[in-house]
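Every number for a ligand or one of its atoms is a count from 1 in the order of the listing.
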Amino acid sequence: MKLEGIHHVTAITGDAPGNVEFYGGVLGLRMVKKTVNQDDPTVYHLFYADERGSAGSDITFFEYPGVPRGRAGDGMVHRVVFRVADREALDFWEKRLAREGTPTTRSETSLLLTDPEGLDLELVMDHSGDEPLRAEAPDVPIESAIRGFEGVRAYSSRPEASVELFEGTLGFGSGGGHSWTVRGTQRGGFYRFDAPPQRRALSGAGTVHHVAWASPMDEHEQWQRKVAAAGMEVTPVIDRFYFRSIYFREPSGVLFEIATLGPGFTADEDPATLGEALSLPPNYEHLRDKLVDVLTPLPNPRAARSAS
Ligand code: ZN
């Protein structure tokens with residue numbers, strides 16, 4: 001059994017319209033699902049990904065309207081790393097982000113930036129050989145588009161505590177130091193620990209809530225048993241409608257999820273119109289009219305940008 005790299009990364013936004021404008025507009029990802037938090041249906045859960053809503057490309061946000069900014073600290077993911085094709089693509093993003101008013105730091109092989117709420121992102125050149133998972137934004141040339149996740153970096157003050165779980169149970173491959181590769185038959189990515197800053201961790205807008213690793217459908221229950229057998233406090237399998245999930249906190253404190261590669265975001269929407277309407281899990285469908293009244297209206301940056 002091998003995990004197929006990152007399935008999705010979920011972070012927190014206090015400003016859903018601004019979040020849509022940045023990830024769906026500036027970064028050119030496709031909003032593939034506009035749904036509600038399954039634990040609180042009065043707020044959004046927003047999903048941005050490639051054109052098909054593929055696992056491996058999917059960054060998602062819980063909306064807590066107006067929540068103050070957090071800051072990443074010990075036991076939290078602090079940077080999400082995406083792939084782009086090559087140096088020309090980095091050049092493209094450097095210019096585009098400057099035009100959009102997003103400061104960047106450029107090196108030979110990477111471009112660092114921060115989202116409007118303080119989440120650190122990085123674009124790196126893709127040497128993976130994995131299928132590029134790209135969205136078709138009207139104003140981003142396809143050859144420069146973001147191609148899915150390369151990895152995530154987290155802070156840990158005791159990275160050794162996680163080694164046995166990672167290498168013995170989860171099948172992470174040691175990448176040297178406190179860095180691991182997580183590669184299955186289709187895709188891979190990296191997970192890395194950095195020394196934490198002095199300041200206390202604070203969950204809030206612009207911080208990562210959890211990282212999910214991808215599992216083939218037929219291996220998911222086995223993962224649940226395997227993680228439980230390793231002594232982790234792991235949830236039962238939870239049906240998230242678009243995929244099934246288990247959750248556990250790895251020993252360094254980062255919340256992990258293992259999510260299935262199916263059924264996916266086309267379970268309740270046509271691929272052509274993914275993310276355009278509000279999708280509700282069947283058990284919330286009867287609340288649709290009420291929810292539409294309380295949810296924040298969102299822009300459609302793709303439509304706006306293709307019109308201009
Ligand atoms: Zn998740």
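With hydrogens and angles disregarded, a donor-acceptor distance shorter than 3.5 Å links the side chain of R96 to the backbone of D139. The closest donor-acceptor contact from the side chain of E269 to the backbone of G275 lies under 3.5 Å.
Take a cut-off of 2.8 Å around the Zn ion (ligand 1): the protein N, O or S atoms inside it are H8 NE2, H210 NE2, E257 OE1.
Aromatic rings from F62 and Y44 are positioned such that their centres are separated by 6.0 Å or more.
Paired with L111 under the rule side-chain contact (heavy atoms from CB on, under 4.5 Å), one option of V84, T105, L97 passes, and it is L97.
Taking H8 as the reference, H210, F243 meet the ring pair (Phe, Tyr, Trp, His ring centres under 6.0 Å) condition, with sequence neighbours excluded.
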- Message: Let's go through F256 and F166 carefully: what are the C-alpha distance in whole Å and the side-chain angles of both, what is the deciding distance for ring pair (Phe, Tyr, Trp, His ring centres under 6.0 Å) to 0.1 Å, and is it a yes or a no?
- Response: CA-CA 11 Å; F256 273 12; F166 290 177; 5.7 Å; yes

